[in-house]
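We number each residue from 1, following the sequence as shown.
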Amino acid sequence: MRTACCIILAAGEGKRMKSSIPKVLSPVLFEPMVGWVINSVVRCNIDKICVVTGYKHELVKEYLDKLNYNLESVIQKERNGTAHAVMTAMPFLEKNRGGDVLILGGDAPFIDKATISKAYKIHKNSNNSATIISSRLDNPTGYGRIIRNSSDYNVEAIVEEQDASFSQRSIKEINSGAYWFKVDDLIKFIGKITSDTAQNEYYLTTLIELLIENGFRVDAFEASSSDVALGANDTNQLQKLNEIARNKVIESLLENGIKIPCKDGVIVGKWVQVGSGTTILPCTVLSGKTVIGKECNIGPSTQIIDSFVGDNAIVNNSYCKNSVILENKQIGPFEKLVDVNDLG
């Protein structure tokens, strides 16, 4: 039986972020972008994961070590493109011969379980050597376009923006930068990639070209959401990712019976759990592994971090960290509850 593994590319510096940390550690709703990616992979029951680190690799490794997952990591000492990053993980690939490998960017936080799983189903059922995870954008400027064969609709090429003709630039299906490959086919051809590019780097899109040229089957799975292709190269784009993520969480809460009469200043982290019937008022920030019970009133002007709040509790104008608030308890205004371990 073919098994699946994953390589996550997390070596980039992200100079335009103007930050002292690697780009993949930039937070979206308080969680590093690479953490979002790892979580989606783990939810697909893919437990063999290798993270390719590079710039300030010790910081990425420190973050990875805090996660409760069995992750491998390798260091890409020189950042020479996406294919070069995968070459760095060659020992990991050799251990997974006969299977399939999912390759993801660590700076694309909205790749999700459904997209990964559906793409893999197509990949296996169609016996593809490679399956590109594509997306459809109203404005595809800057992205590589997916060119499909008119006869069987399989992928014929990926054409980058600068190389695309006028008609090709009108194509809205784009390469998200996420792929499934047969491990053996990837190993067979990745060594044949050259750095004959404008940046003198090695790219996975060249591997796609080699597979197609040699008669191997390549297809693309179009994700249902265009968000899977989104990343951030500067803080302006990072802010947009945070806003998208914030709205996704709030919409999910509303669908599950949480009352948010006014969204102004309401930020809820990805891992926060909130019970039905609870009301969240403006200027409330909930983050970490916080759990809020049912029928609570939270806010306004309240911050709760890694805490538990029991059913029917009221917390307003307060700061709570590593705290337990019992059911029916009323906290506030201006109370500060902090775990004694944080007092130094």
Side-chain angles (χ1 to χ4, degrees), residues 26-33 35-40 42-44 108-118 135-138 223-232 236-321 323-333 337:
S26 299
V28 173
L29 286 188
F30 317 108
E31 178 72 20
M33 290 192 286
W36 285 66
V37 178
I38 291 169
N39 179 259
S40 292
V42 171
R43 290 184 65 215
C44 294
F110 299 144
I111 189 72
D112 60 295
K113 176 185 175 182
T115 298
I116 292 170
S117 300
K118 290 176 182 178
S135 177
R136 191 167 295 271
L137 301 179
D138 291 334
S224 59
S225 171
S226 61
D227 291 347
V228 299
L230 297 179
N236 184 54
Q237 293 175 349
L238 184 65
Q239 187 277 328
K240 291 178 181 177
L241 292 187
N242 272 278
E243 191 63 25
I244 291 169
R246 172 179 175 263
N247 288 331
K248 284 177 181 286
V249 171
I250 288 176
E251 288 171 11
S252 176
L253 292 173
L254 293 171
E255 290 172 0
N256 285 285
I258 286 78
K259 303 164 189 172
I260 306 175
C262 177
K263 295 193 296 183
D264 289 357
V266 173
I267 306 175
V268 182
K270 181 178 175 64
W271 313 121
V272 173
Q273 300 177 44
V274 183
S276 62
T278 285
T279 299
I280 302 175
L281 296 174
C283 300
T284 293
V285 179
L286 310 177
S287 62
K289 301 291 185 181
T290 292
V291 177
I292 308 292
K294 299 178 180 178
E295 303 295 338
C296 296
N297 282 314
I298 309 297
S301 303
T302 293
Q303 184 174 7
I304 302 177
I305 308 166
D306 290 321
S307 297
F308 174 85
V309 179
D311 296 345
N312 300 298
I314 298 174
V315 185
N316 68 81
N317 289 280
S318 301
Y319 175 87
C320 308
K321 181 178 181 181
S323 304
V324 175
I325 299 170
L326 301 178
E327 62 181 41
N328 300 311
K329 182 76 173 178
Q330 181 168 342
I331 302 295
L337 302 180

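- Here the closest non-hydrogen pair linking Thr302 and Pro300 is OG1-O, 3.1 Å.
- Closest approach of Val285 and Gly265 over heavy atoms only: CG2-O, 4.4 Å.
- Residues passing the side-chain contact (heavy atoms from CB on, under 4.5 Å) test with Ile305, sequence neighbours excluded: Ser287, Gln303, Tyr319, Lys321.
- With sequence neighbours excluded, the residues satisfying side-chain contact (heavy atoms from CB on, under 4.5 Å) with Asn39 are Arg43, Tyr69, Lys270, Trp271.
- Note that CD1 of Ile298 and SG of Cys320 are 8.5 Å apart. Values are rounded to the nearest 0.5 Å.
- Not counting sequence neighbours, the partners of Ser301 by the side-chain contact (heavy atoms from CB on, under 4.5 Å) test are Cys283, Asn317.
- Judged as a side-chain hydrogen bond (donor to acceptor under 3.5 Å, both in side chains), the pairs with a partner in residues 238-261 (not counting sequence neighbours) are, in order, Asp227-Lys248, Glu243-Arg246.
- Proximity of Met33 to Val28: side-chain heavy atoms (C-beta onward) are separated by under 4.5 Å at one or more points.
- By the side chain to side chain donor-acceptor pair (under 3.5 Å) test, Ser307 is found to be paired with no residue, residues two or more places apart in sequence or in another chain being considered.
- Closest approach of Val37 to Ala108, counting heavy atoms only: CG2-O, 3.5 Å.
- When each of Val266, Asn297, Ile267 is tested with Ile280 by the rule side-chain contact (heavy atoms from CB on, under 4.5 Å), just one qualifies, namely Val266.
- Residues Leu281 and Cys262 are not in side-chain contact: their nearest non-hydrogen atoms beyond the backbone lie 4.5 Å or more apart.
- Between Thr278 atom OG1 and Asp311 atom CG the span is 7.5 Å, to the nearest 0.5 Å.
- Here the closest non-hydrogen pair linking Leu286 and Phe30 is O-CE1, 4.1 Å.
- For Thr115 (side chain) and Ile111 (main-chain N/O), no donor-acceptor pair under 3.5 Å exists by modelled atom type.
- Across Ser225 and Ser135, no two heavy atoms sit closer than the pair O-OG, 3.8 Å.
- Evaluation of the side-chain contact (heavy atoms from CB on, under 4.5 Å) rule for Thr290 yields Val272, Ile292, Ile304 as partners, not counting sequence neighbours.
- A distance of 9.0 Å separates CD1 in Ile314 from SG in Cys296, rounded to the nearest 0.5 Å.
- The shortest non-hydrogen separation linking Pro109 to Leu230 is CD-O, 3.8 Å.
- We find the CD1-SG distance between Ile116 and Cys44 to be 4.0 Å, quoted to the nearest 0.5 Å.
- If you take CG on Leu326 and NZ on Lys329, they are separated by 7.5 Å, rounding to the nearest 0.5 Å.
- For residues 281-308, there are no salt bridge (Lys or Arg N to Asp or Glu O under 4.0 Å) pairs, not counting sequence neighbours.
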